[in-house]
Structure formats: C-alpha cells, structure tokens
Asker: 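The following block contains the structure, expressed as structure tokens.
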Amino acid sequence: MEGAPVGMVANDGSHLGGAIDSDSSDKLVCFLGLCDSYGIPVVSLCDTPGFLVGPESEEAAVARRIEEIFRIGPNLSVPLCTVVVRKTWGLADRRWQGAASV
C-alpha cells in the first residue's frame, strides 16, 4: 500500500467452504508471527464460517491449534485490519461446507 509491504490473509471458499482447519490455523499463526517479526502490517480478507468441528477435527486437535490464533492475534505489535467480504461466523460443521461455498 503506497509502496509499503503488507501481509495479506484470505480464506479460500472453494476449500472446506472457507473454514479454518488444523493445517490452515498453523499456517496463519506462522504467517502472523513472521509479519510481526518484520514489522509488516496485516490485512485480512475474511470470508469464513469459522473453524471445523467434529470427530476428524477433534483427532487433529483443531481446538488446541486454533487457540494459537486467539493467542497471537491480540498480541501482535503490528496493525491488523480485517475486511469482512461476505460472512464471518464462529464454528463450521462439515455438513454445511457445501452450502457455505455457494
């Protein structure tokens, strides 16, 4: 933006309806940490039904891994701006993944 670097975060609605799973939460935490380390502000384009719940998610320890997002987000030293593109909810259930990406 105006010649300055910005870290961009976005959800892909075609993958799991845009929901956050264990791998994407790990990736986000790593990316936010990288941006924070180098003083790069973050812009988040949010279009997500939240994070996945269910037996598979419990086996992958999604709740524990997503907790890291809740820990790192408020403690960033760089500016963070979120633009809600369509939706932003709390939880996602695999039964709704097809409907969420419509």
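Below, all heavy atoms of this structure are taken into account, side chains as well, without hydrogens, waters or symmetry copies.
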Asker: Which heavy atom of Thr82 sits nearest to which heavy atom of Cys46, and what is that distance?
Answerer: CG2-CB, 3.8 Å

Asker: Please report the interatomic distance CD1(Ile72) to OG(Ser25), rounded to the nearest 0.5 Å.
Answerer: 12.0 Å

Asker: Identify whether Val83 and Met8 are in the same connected component of the hydrophobic contact network (ILVMFWY, side-chain heavy atoms under 4.5 Å).
Answerer: yes

Asker: Hydrophobic clustering (ILVMFWY, side-chain heavy atoms < 4.5 Å, transitive) - are Val85 and Val6 grouped together?
Answerer: yes

Asker: Is there a path of hydrophobic side-chain contacts, each under 4.5 Å between heavy atoms of I/L/V/M/F/W/Y residues, joining Leu76 to Val9?
Answerer: yes

Asker: Report whether Val29 and Leu34 are members of the same hydrophobic cluster (ILVMFWY, side-chain heavy atoms less than 4.5 Å apart, transitive linking).
Answerer: no

Asker: Heavy atoms only: give me the nearest Pro41-Pro5 pair and the separation to one decimal.
Answerer: CD-O, 3.7 Å

Asker: According to a hydrophobic-cluster definition based on side-chain heavy atoms being under 4.5 Å apart (Ile, Leu, Val, Met, Phe, Trp, Tyr only), do Leu80 and Phe31 belong together?
Answerer: yes

